[in-house]
Amino acid sequence: MSLNRQLQLFSSSTLSVPVSGKLIACNPVIDLTATVGDVNVIYVWRGSNQLVSKHTERNQKVDAIKWKEDGQFLAAGWSDGVVRLIGLESNKAVHHIRVAASRDGQPSKIEFIAWARNEIDRQSHTGRKHDGLPDLPWRELVPDEKKHVLDLPHELTFLEVETALPKISPLPLSGGTGDDMFVFSTAASLEFVFRPYQPEDSDNVHVMIAGTADGGIHLSIYDSFVIGTFQHAPHTARGSPSGKGAFQLCGHSSHPKVSTHALLLRPKEGSLTSLYVVPMDLTFIHKSPINLSLLASKTTTLQNLLRYLKQAQSHMISEWKSTRELPGRFLRGVQEDLEKSPKGPVTIVQALYHTVATGHVFPQVKEWLVDSLAERGHKRWDKAVVSGLQNLRSLVHENFLPALERCGIVLSRLLGLARFHGSSDNIGFTASQIEKLLDMIAALTLVSYKILLGVMDELDHFTCFSSWLRMEIDKLASSSAAAEELTEKEATMDNVKVLTYIQRYLMGSPLGVYLGDIAAEEREKDWKVAEENSGISMLELVDQQLKNQEHGKPYLKALPKIDQLVNHLTGKSAIVFKEIAEAEKRSVRFNQAVEISTREKIWRHDVHLCSRSKATESGITTFVTTVPEDDKNKIFFIRTVIPVANGISGTPSSSACGLALPNGATVVDIKFLDDESLLVLSHLKDEQSPALVRIGYQSPTLPYSVYKEGERPHTIDIGGPEMPYVPLFFNAVGFVPIQMEIQRASKTRGELPARVCLLGRDRTVYKTYALPDHFETSSGALARSWTERKSWKQQGEVEEDVVMENSQ
């Protein structure tokens, strides 16, 4: 039986923009590749050279990229210390996570990003059969495919009310502020940000780990809920390393069924001669008093809703100001003329009120109406006010109030959780905190309806005023015959509403109580008074201030302001989020580390964590592979067994072995594929031909022995009888890969095989090959050595890349 097998080319691309550095990432579930070109532009490509999207941030450069394991987000670390999550179906950054704090005005560089998924240990899951239940008679009436009994408490816990509500409407493109200016402007991005909670995720926790140049280790869960940032110096059995300063995160691995993660740290200072494997115990995943996935989902949804409210109120204020800006410019000109006049009214309000009541027009007003304002100016005035008020009405009715309703629903769910768990369980927040947030939502709802009523009232009055104003302009500018017709039209005017608009709305809108500016000193003083009245609910306090304002009494002007209330709600919510994060952060432990060192400079490295599957074993096994810089044909494995009990790791024990590539072959790149296979990209020295070697690093034939720090482990040749291989060929004429990405097989979005993704030497050619489902070997080939095989050049007339396979 021939063992030579050709790998199938899955996709091939020639990128129009070369890849910067090592910034390339292959999507785990779709044939998409993200690259960074020109330092600050992220490109997403299909396998057929098709550019899907690109994203850039002004005056920032990309330092790290990584796809989420379900392929939904691309996490990009930028030079401003922020990780931005870019949606799969959008080129917008839908989440912004501050990872690196600014020090001396310059944030620390984001060096590393990784994603992980952990399963929550729960006894009942959605759709799980309860085989222990008796075969009741009523079950015969149920179809066979529905005879399993659902876990009713579990179903009620994850019942989603929000999906029954109408979808939130997109915000206008202009008028927003900050990083979220365009995030909520399209239906696609809204659906991506406010994705409905999936029941199948109820027992999963998605974790993002980011490492910074100053040694920070940042943790976030459920896309964007921040747990916190840690600074950790590893300590081994011999104590903590001295004189090495901070330690940077350079590797990570985890297993879905184990809450202990394996971190790989390197010293920031000096040459890379040592790495440290550090177990990180996320005990809040292993044992949490509350369903972590539900809590993270609701808090993240609340955070996104608050971001949406912030942008909506910014649009509301912008629209209201647009209704005042142009009319204000028109009115200031005539106001100055009236003030300079020695006789007559001194304000435009008095002058127009006089004209409506008597029909007489003062000379300054006539000149302003005919020469300055005229028909064209009136049209601009009318359009600015009418469109602005209508847009404001739509923003309140279609955007702001629906978002407030959803905030209330989420907070009600959190309130129920807080009351259920009480003070005995440390879940990070209390019922009283959530009740205060609900009180703020009620106050905002009150102000929103006040704004809505005010808009409708002002729009009604302005319509009458605008008609009257246009009539006056036409009457003053027309002939006597036309003036008579306009005089007849004047009889149909609602002069009461015209007079009311002139008196109440012309120079200052009542909506300014909610949407106008306020001085910083007055704002701080008012909120200080409000904080002193903590015994009164925010709803009652705001309602009282509005009543005082309506009756002309002194009132706290900051409290009814829509932006101030949103900021207050956001600030108080941030305190709750921080306390939840602190409760989870206290459950993160770093245990005893293992130093990986042969006293040689390390050129390539990777780490992989395997769960110990035997029922009698409890713990994890981590494998670290390294390649020394001065001897690139050597590959060292350090196997570390770490016991884990109740989510807490114990004292590790390590063993090691080494492998040598024959015939002068050198390692180009190295990556773990799964719990059995390591892939090594190498070059033959004499033929300059690239090769991909598959090594079964858990093979019982590998001579693992006790690991001693600072010493090389026992090394054997890959081509010997203990380490046979089988070559697999694929055509790649003139293609010399310099970097490798590995992805496992996926069924998330259709069948996708395990893939090896290779970047060419010119950094523009990118080839993806499908790996076989199983690495089969033949006993007849096991004894063949490397030197007994035909050279790669003799396998065909064209230059071919080789995949060599090692048995287990």
Side-chain angles (χ1 to χ4, degrees), residues 22 63-64 66 77 83 99-101 108-116 207-220 227-255 258-282 585 588-609 620-629 636-642 644 649-654 656 670-672 707 709-710:
K22 294 186 176 182
D63 293 325
K66 187 70 174 181
V83 170
V99 170
S108 182
K109 181 181 177 181
I110 299 172
E111 298 275 0
F112 181 87
I113 300 175
W115 289 92
V207 184
M208 187 189 77
I209 302 98
T212 59
D214 62 356
I217 301 172
H218 173 93
L219 290 181
S220 299
I227 298 297
T229 301
F230 304 83
Q231 293 282 341
H232 178 70
H235 61 279
T236 65
R238 298 188 299 175
S240 300
S242 58
K244 294 190 177 181
F247 289 81
Q248 299 172 341
L249 181 64
C250 62
H252 167 270
S253 184
S254 66
H255 192 280
V258 184
S259 60
T260 296
H261 293 214
L263 305 182
L264 205 58
L265 303 184
R266 56 168 292 173
K268 179 181 179 181
E269 307 295 338
S271 60
L272 182 58
T273 58
S274 297
L275 294 171
Y276 295 86
V277 180
V278 181
M280 180 178 67
D281 301 328
L282 305 182
K585 189 176 180 181
V588 178
R589 299 176 70 258
F590 296 91
N591 215 319
Q592 181 177 314
V594 174
E595 182 179 0
I596 309 297
S597 175
T598 59
R599 299 292 184 263
E600 301 169 278
K601 189 173 182 180
I602 298 171
W603 187 64
R604 290 285 187 268
H605 59 79
D606 198 15
V607 60
H608 184 75
L609 183 148
I620 57 174
T621 303
T622 64
F623 288 85
V624 175
T625 181
T626 63
V627 177
E629 184 171 327
F636 301 130
F637 293 94
I638 292 84
R639 178 177 63 190
T640 302
V641 177
I642 306 173
V644 178
S649 56
T651 303
S653 58
S654 300
I670 190 165
K671 290 285 189 302
F672 285 101
Y707 167 66
E709 297 175 4

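We count residues from 1, following the sequence as given. In this text the structure is predicted, and so the values were computed from the model without any measurement.
- Under the side chain to side chain contact (heavy atoms under 4.5 Å, CB included) test applied with Val641, the options Thr621, Ile620, Thr622 reduce to a single match, Thr621.
- When side chains are defined from C-beta on, Ser253 does not count as touching Phe623, because their heavy atoms never get closer than 4.5 Å.
- When all heavy atoms are compared, the tightest approach of Thr212 to Glu111 is C-CG, 4.0 Å.
- Side-chain contact between Ile596 and Val594 is present, with heavy atoms from C-beta onward closer than 4.5 Å.
- In this structure, His252 and His261 have tilted ring planes: the angle between them lies in the 30° to 60° band.
- Between the CG atom of Leu264 and the OG1 atom of Thr626 there is a distance of 10.0 Å, given to the nearest 0.5 Å.
- In this structure, the separation between CG on Leu282 and OG on Ser259 is 6.5 Å, given to the nearest 0.5 Å.
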(message) What verdict does the side chain to side chain contact (heavy atoms under 4.5 Å, CB included) test give for Met280 and Leu219, after you've listed the backbone C-alpha separation in whole Å, the side-chain angles of each residue and the deciding distance to 0.1 Å?
(response) CA-CA 11 Å; Met280 180 178 67; Leu219 290 181; 4.0 Å; yes
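- Lys671 is linked by a side chain to side chain contact (heavy atoms under 4.5 Å, CB included) to Asp606, Asp669, Met740, Ile742, counting only residues two or more places apart in sequence or in another chain.
- The closest side-chain heavy-atom distance from Gln592 to Pro652 is below 4.5 Å.
- Distance CH2/Trp115 to CE/Met208: 5.5 Å, rounded to 0.5 Å.
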(request) Report the C-alpha distance between Arg238 and Glu709 in whole Å, list the side-chain angles of each, state the deciding distance to 0.1 Å, and finish with yes or no for side chain to side chain contact (heavy atoms under 4.5 Å, CB included). (result) CA-CA 11 Å; Arg238 298 188 299 175; Glu709 297 175 4; 2.5 Å; yes
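- For the atom pair CG (Leu263) and CG (Leu275), the distance works out to 12.5 Å, reported to the nearest 0.5 Å.
- Across every non-hydrogen atom of Thr229 and Gly216, the tightest pair is CG2-CA, 4.0 Å.
- For the atom pair OG1 of Thr625 and CZ of Phe636, the computed distance is 9.5 Å after rounding to the nearest 0.5 Å.
- Residues Ser108 and Ala213 share a closest heavy-atom pair of OG-N, 3.3 Å.
- Between Phe590 and Phe230, the ring planes are perpendicular. Angles over 60° get that label, and only those under 30° would be called parallel.
- Remark: Glu600 pairs with Arg712 by the salt bridge (Lys or Arg N to Asp or Glu O under 4.0 Å) rule, at least two apart or across chains.
- The heavy-atom pair separating Pro234 from Leu265 by the smallest distance is CD-CD1, 4.1 Å.
- A 4.5 Å side-chain heavy-atom check between Ile642 and Thr260 finds every atom pair outside the cut-off.
- With hydrogens and angles ignored, the 3.5 Å screen pairs no side-chain donor or acceptor of Ser271 with any backbone N or O of Thr273.
- Shown here for Ala114 and Lys66, the closest heavy-atom pair between the two residues is CA-CG, 4.3 Å.
- The shortest non-hydrogen separation linking Val278 to Asn591 is CG1-O, 4.0 Å.
- Taken from CG in Leu249 to NE2 in His218, the straight-line distance is 12.0 Å, to the nearest 0.5 Å.
- Residues Ile217 and Ile209 are in side-chain contact: their nearest non-hydrogen atoms beyond the backbone lie under 4.5 Å apart.
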